[in-house]
Number of protein chains: 2
Amino acid sequence: MDVEAREQQHVPMWLVGHSISDPEVQVDGGLVDDELNAGYDMISGCITNSSFHKRVEDAIAQARSEQRTHIHIEPLIADEVNMHPGHYMISVIGFASSWIELESADPLIAHVSKQVLDLELAYAAFCGLNQVVIPGPRNREQTAEYAQAISAALSHSTYMQLLIQLPIHDWIGDESAPAESPLYEPYSAWDAWNTIRTVCKYSGQLAVALQIPQRLPNPMVVRRWFCEPIRMLLISNATFCPNNKGFPVFSKAHQNMLTKYMRLRPVPYVLLEQTEFPPLLRAAIKIKHEDDAYLIYLRHLQKNQPPQSTVERFGSGYQDYLQSPLQPLADNLESITYEVFEKDPVKYQQYQNAIELALRDRPVGKEIVVAVVGAGRGPLVTRALKAAELSGRTIKMVAVEKNPNAYVHLLQKNRDVWNGRVTIIKTDMRAWKPTFMVDIMISELLGSFADNELSPECLDGVQRVLNPEGGVMIPQSYTAHFSPIMAPKIYADIATRRSDPDAFETPYVVLFQAIDTLSEEDYIHNAWEFAHPVPAGVLGEAASMGGGFVGLGDGGNDHNLRSCKVTFKVPRRGVVHGLAGYFESVLYGKVELSTRPDTIDQKSCDMISWFPIFFPLKTPIYLPDHSEVEVSMWRRCSERKVWYEWTVEAYVRSGNKRFPLGGSELHSSKKNGCLM
Amino acid sequence: MDVEAREQQHVPMWLVGHSISDPEVQVDGGLVDDELNAGYDMISGCITNSSFHKRVEDAIAQARSEQRTHIHIEPLIADEVNMHPGHYMISVIGFASSWIELESADPLIAHVSKQVLDLELAYAAFCGLNQVVIPGPRNREQTAEYAQAISAALSHSTYMQLLIQLPIHDWIGDESAPAESPLYEPYSAWDAWNTIRTVCKYSGQLAVALQIPQRLPNPMVVRRWFCEPIRMLLISNATFCPNNKGFPVFSKAHQNMLTKYMRLRPVPYVLLEQTEFPPLLRAAIKIKHEDDAYLIYLRHLQKNQPPQSTVERFGSGYQDYLQSPLQPLADNLESITYEVFEKDPVKYQQYQNAIELALRDRPVGKEIVVAVVGAGRGPLVTRALKAAELSGRTIKMVAVEKNPNAYVHLLQKNRDVWNGRVTIIKTDMRAWKPTFMVDIMISELLGSFADNELSPECLDGVQRVLNPEGGVMIPQSYTAHFSPIMAPKIYADIATRRSDPDAFETPYVVLFQAIDTLSEEDYIHNAWEFAHPVPAGVLGEAASMGGGFVGLGDGGNDHNLRSCKVTFKVPRRGVVHGLAGYFESVLYGKVELSTRPDTIDQKSCDMISWFPIFFPLKTPIYLPDHSEVEVSMWRRCSERKVWYEWTVEAYVRSGNKRFPLGGSELHSSKKNGCLM
């Protein structure tokens with residue numbers, strides 16, 4: 001297939017390497033060229049060989065004979081290494097010696113292992129390697145000891161990424177034991193990783209090289225690793241099974257897992273290992289073409305990946321990237337921002353459907369005043385005119401916009417596109433004083449958490465203009481929703497922002513990818529609702545305190561305060577790093593919008609205008625199996641600002657009592673609150 | 001009694017106040033004068049009166065009738081307050097209204113309560129009050145909601161201390177129920193406090209006003225509160241019992257509790273409340289002199305407090321005050337520092353005993369070479385000369401000192417005090433090259449954590465000089481010990497050091513006061529040991545790597561690496577804020593030193609030379625009932641430095657398995673390590 005055809009097919013970028021685990025193989029330019037010619041993208045090899053291993057073993061034996069507890073391992077010599085600097089090293093990944101045991105309970109072995117690792121990492125860095133795979137802890141009781149050694153290695157190898165080799169799960173005992181076996185510990189390998197990265201302060205230099213077994217774990221375990229920084233998938237030929245022609249293929253479960261993991265950003269490397277099959281197995285499985293069949297099959301999978309969804313295509317490059325929410329009242333948006341919003345294939349169609357429904361609920365013949373408040377570049381005006389046409393209603397179309405630049409654009413559009421059918425008014429909607437009343441008032445003021453861009457305050461401010469006799473607003477109502485999540489990559493990103501004291505006091509707009517939900521049933525809950533128009537009494541109450549429009553008096557916005565407390569059950573252990581926020585909105589009648597992952601497909605499939613929001617926790621909280629996490633959130637306001645506060649508590653239940661396991665401090669976005 | 005006599009008796013400073021809980025009482029200059037004349041040191045009163053309460057209740061009733069969910073409470077008027085600014089306000093503590101319910105599940109009540117609190121705090125601040133007592137949360141399920149309101153109040157009242165009024169424990173149900181009743185929740189009030197201060201980020205503005213009941217809780221609960229910032233003890237007349245003459249007195253348990261709490265720094269205020277006795281009780285207890293008998297009794301207790309211990313007297317003012325450990329090799333000490341060390345009544349006597357024992361173990365007649373390495377201003381030289389006298393041994397006395405200023409002092413002392421009996425040598429002990437061998441080598445190089453001031457490295461460097469035929473060192477050995485502790489005050493102090501990125505990576509020398517141990521049996525464990533002289537093989541091994549004296553080569557100090565992992569059982573819930581470190585040392589034979597609180601009295605009672613050390617945790621970890629805390633510690637070294645690393649993990653055990661509850665990151669004092 002030529003390059004062009006491949007590109008048209010959008011073949012995803014997979015880097016597949018060949019793992020050479022024989023410590024006697026010299027990784028030189030010739031070998032690297034051979035492997036690249038064979039179709040691999042890279043190669044991995046052992047940094048040192050068996051001569052070095054023998055020297056270290058002899059030194060240990062001598063120390064034991066002399067009853068010494070510490071020995072000094074002298075630097076490497078030329079005969080002991082498999083690598084040398086060279087331009088081809090860019091295609092090479094190093095493996096630290098598999099015989100080291102950093103966490104050994106024998107102080108001599110632990111001490112020697114740390115020296116060996118330091119020597120190998122320093123030499124690998126000298127050769128120009130950027131990534132080294134280190135065997136994970138075998139003695140899991142000693143994981144803290146292992147983690148301390150890795151922490152020291154990180155501080156010595158500032159420019160290198162260290163990949164901790166770990167199985168996706170631990171099969172304790174028989175491989176053929178049933179999955180419900182009491183010996184099966186689905187999360188114990190992840191537990192070890194969680195300890196290592198916690199001890200190492202979520203270092204960005206640290207990642208996982210995940211071993212994919214023949215027998216995949218519970219899908220919850222596959223999901224759990226998905227939120228971790230997997231930099232490499234180690235796949236041995238024993239992981240494949242033969243198809244009916246004897247060629248190596250993946251089970252359906254393995255294919256799905258690979259598809260899932262290979263959509264992570266950055267895309268993990270796949271490293272193919274050749275394992276000696278046990279003799280019995282070898283006879284049984286009869287896989288043909290041992291040399292290249294595995295690579296050929298992987299390339300086949302690569303070419304046949306399912307296409308990306310609309311959201312994946314639109315969000316490409318934005319996964320887990322943190323943005324600050326808009327400040328639409330304080331800032332004037334630029335045209336390009338509007339343009340991005342207008343690209344949404346779903347949102348404006350839903351608006352048009354809602355407007356059409358609202359118009360059809362009114363009698364034919366009588367002129368209906370339709371206003372778009374905050375018209376921007378006019379996409380809702382276009383949709384409202386279209387809806388009027390479809391419903392056969394006569395409307396007076398009004399567009400209100402405060403941004404002077406967008407106003408110019410609207411005037412031009414009215415002249416060139418709308419044939420002068422639209423009355424265009426330049427004002428902040430909260431100060432608009434028309435001589436007529438509006439029957440259908442349309443706005444698009446929702447933020448990622450529904451009310452976080454001040455939709456309630458803006459609409460309160462313009463409700464004066466709505467016809468008290470049957471006037472409606474589109475949207476009619478909206479609700480904020482949230483879910484406690486595990487998001488170690490995002491947490492690590494925020495934790496690096498040390499110069500910003502409010503880094504953990506800020507809600508971020510983010511397209512989640514590498515996250516895991518902690519609760520399973522009902523994992524997203526409604527926080528609160530706003531409905532429009534607000535009952536006249538409530539607005540009267542606000543006005544009596546000086547509120548309800550620009551220049552809110554003391555307490556004038558108190559009817560827009562909200563708070564909630566929700567308890568989520570956490571069946572399987574994990575770490576809560578913060579809250580994912582979503583919204584739902586009833587535009588009109590049955591026409592809705594949703595960004596909730598569990599309802600978006602049904603209510604507004606493929607809508608791309610909003611990424612979710614993330615409320616971070618400064619200190620991640622570990623949640624054991626069968627625990628509960630209780631989230632309290634507040635929407636607060638002063639005369640000038642709206643902001644959020646949030647706190648999280650963990651509990652376990654024993655009988656009919658529950659016991660605390662700790663909680664977070666109060667987080668507040670007051671300093672970064674939305675200005676009115 | 002005249003002032004002089006009182007001072008000789010060291011009557012402790014207690015401030016006893018009179019609590020006026022009737023909201024109709026105006027706190028004016030006349031009333032304050034009357035109370036001070038009656039013998040009180042201060043007075044407390046309600047900030048607002050029942051007129052204000054009535055206005056708020058009316059507003060709530062009206063809002064309910066109008067089905068409004070938010071009302072705005074207008075500012076206070078003159079008729080509604082009990083206080084006005086005045087010079088006497090320095091003797092007044094304010095009480096927020098007891099009828100507010102910040103955590104109410106009814107949004108209208110919660111909203112009104114927050115406004116009332118804000119109005120009262122703002123008015124109290126205007127009147128010049130520094131401290132206001134706020135009723136604690138009654139609905140404990142809603143503690144997070146309460147804490148959020150307090151957090152908001154703290155941010156509005158920057159200069160005021162807010163005292164949260166809490167019972168020492170919750171008696172759920174019958175007062176006369178036995179202490180083992182399943183309804184008895186000894187830690188539930190503390191749980192509420194822990195949530196409040198965690199949510200409020202350990203704010204220094206926040207403290208506890210602790211209600212002392214007639215029935216005291218488990219002594220563990222009394223100890224728990226001792227580590228919290230108790231600013232006030234609220235004692236009602238119902239807390240007293242009558243003695244055989246009918247005068248009000250305290251039970252022995254109450255006396256002990258008061259003695260304990262009144263040694264906190266700052267000393268809590270005692271506030272006496274007059275409660276109406278229930279009629280039956282009033283008849284039963286027949287307490288005489290209701291008006292002033294309580295105060296008279298408290299003053300009597302105050303005068304008859306048990307005397308302070310030597311350590312309390314010496315450490316006065318240093319409780320929970322964080323100091324950086326000495327860097328004895330990098331810095332030259334000043335004379336005053338030596339003088340403080342020399343004041344210890346116990347340490348030098350123990351040294352003298354040890355030297356005498358060591359001398360008696362050697363034959364009479366033959367000259368014994370005794371050297372003090374690091375002689376400072378010579379206190380050990382004096383003791384060694386004295387020991388020689390007592391034991392009837394002939395010694396050649398040598399003093400080695402690197403500090404040029406101390407050297408001058410030693411020369412002068414040899415001329416004026418020691419009659420020229422001492423050979424004084426100015427050198428770093430590690431570079432000392434005498435023409436003779438030393439039989440008894442004495443040093444005082446121990447730090448608060450035994451080896452943290454480089455005693456092992458210094459003594460390795462001078463061991464060349466020790467007679468290989470039976471030469472001994474004093475101390476012969478030393479061990480480091482530690483205990484996971486709850487230390488919220490110290491944690492809060494470190495957390496304020498935001499400008500220092502290494503604040504949580506530093507071990508601090510500190511005289512602990514407000515701490516609680518988390519483990520009960522075996523709450524302190526041995527970390528590791530050093531013994532001198534080091535076996536010749538080990539030192540030979542070090543020398544072969546270029547170590548064992550000044551200018552250590554690679555790995556030359558590896559025999560002084562140490563690590564340990566210890567699991568502590570935690571029977572009752574708490575929060576681990578860090579590790580308390582202590583040491584023990586065998587000076588010679590049976591003569592020992594100890595700073596371990598459980599062995600100091602037996603081994604070296606009243607020794608004051610060392611305060612303990614504190615290894616902080618950046619993130620406190622909550623430990624539930626019946627949990628385990630596992631501590632890993634390392635003594636690490638490079639060619640130039642010695643430092644510590646530490647990490648903590650929490651577990652619960654279920655059957656024969658244990659499950660993680662979270663863990664800390666790795667803390668490392670490398671940047672602040674001790675330089676060689």
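These figures come from a predicted structure and were not determined experimentally. Just the heavy atoms: all of them, side chains too, but no hydrogens, waters or symmetry mates, feed the values below.
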Exercise. Can you say whether B/Ala110 sits under 4.5 Å from chain A via the side chain, the backbone, both, or neither, judging by heavy atoms?
Worked result: neither
Exercise. What part of B/Gln142 lies closer than 4.5 angstrom to a heavy atom of chain A: side chain, backbone, both or neither?
Worked result: both
Interchain contact, [X] with chain B, by part (heavy-atom threshold 4.5 Å):
| X | value |
| --- | --- |
| A/Ala147 | neither |
| A/Arg197 | neither |
| A/Ser668 | neither |
| A/Gln67 | neither |
| A/Thr619 | side chain |

Please round to the nearest 0.5 Å and tell me the distance separating atom [atom1] of [X] and atom [atom2] of [Y].
| X | Y | atom1 | atom2 | answer |
| --- | --- | --- | --- | --- |
| A/His70 | B/His559 | NE2 | NE2 | 9.0 Å |
| A/His111 | B/Leu561 | NE2 | CG | 5.0 Å |
| B/Ile621 | A/Ile621 | CD1 | CD1 | 11.5 Å |
| B/Phe659 | A/Tyr187 | CZ | OH | 13.5 Å |
| A/Thr195 | B/Glu665 | OG1 | CD | 13.5 Å |
| A/Ser203 | B/Leu666 | OG | CG | 12.0 Å |

Find the one option among [options] whose heavy-atom pairs under 4.5 Å with chain B are most numerous.
| options | value |
| --- | --- |
| A/Arg636, A/Glu630, A/Glu66, A/Gln115 | A/Arg636 |
| A/Glu649, A/His667, A/Glu145, A/Glu74 | A/Glu145 |
| A/Lys670, A/Arg658, A/Gln148 | A/Gln148 |
| A/Ala144, A/Cys200, A/Pro620, A/Ala152 | A/Ala144 |

Seminar exercise, completed: Smallest heavy-atom separation, B/Pro624 atom then A/Leu661 atom, equals CG-CD2, 3.4 Å
Exercise. Which pair of heavy atoms, one from B/Gly663 and one from A/Thr198, lies closest together, and at what distance?
Worked result: O-CG2, 3.5 Å
Exercise. Does some side-chain heavy atom of A/Val538 sit less than 4.5 Å from a side-chain heavy atom of B/Arg68?
Worked result: no
Problem set entry | Enclosure of A/Lys618 NZ (heavy-atom neighbours >12, cutoff 6.0 Å) | no
Seminar exercise, completed: Answer key: most heavy-atom pairs under 4.5 Å with chain A among B/Pro535, B/Gly662, B/Pro660 is B/Pro660
For this session: Under 4.5 Å, heavy atom to heavy atom: which of residues 497-505 of chain A reach chain B? Give them by number, or say none.
Result: A/Glu505
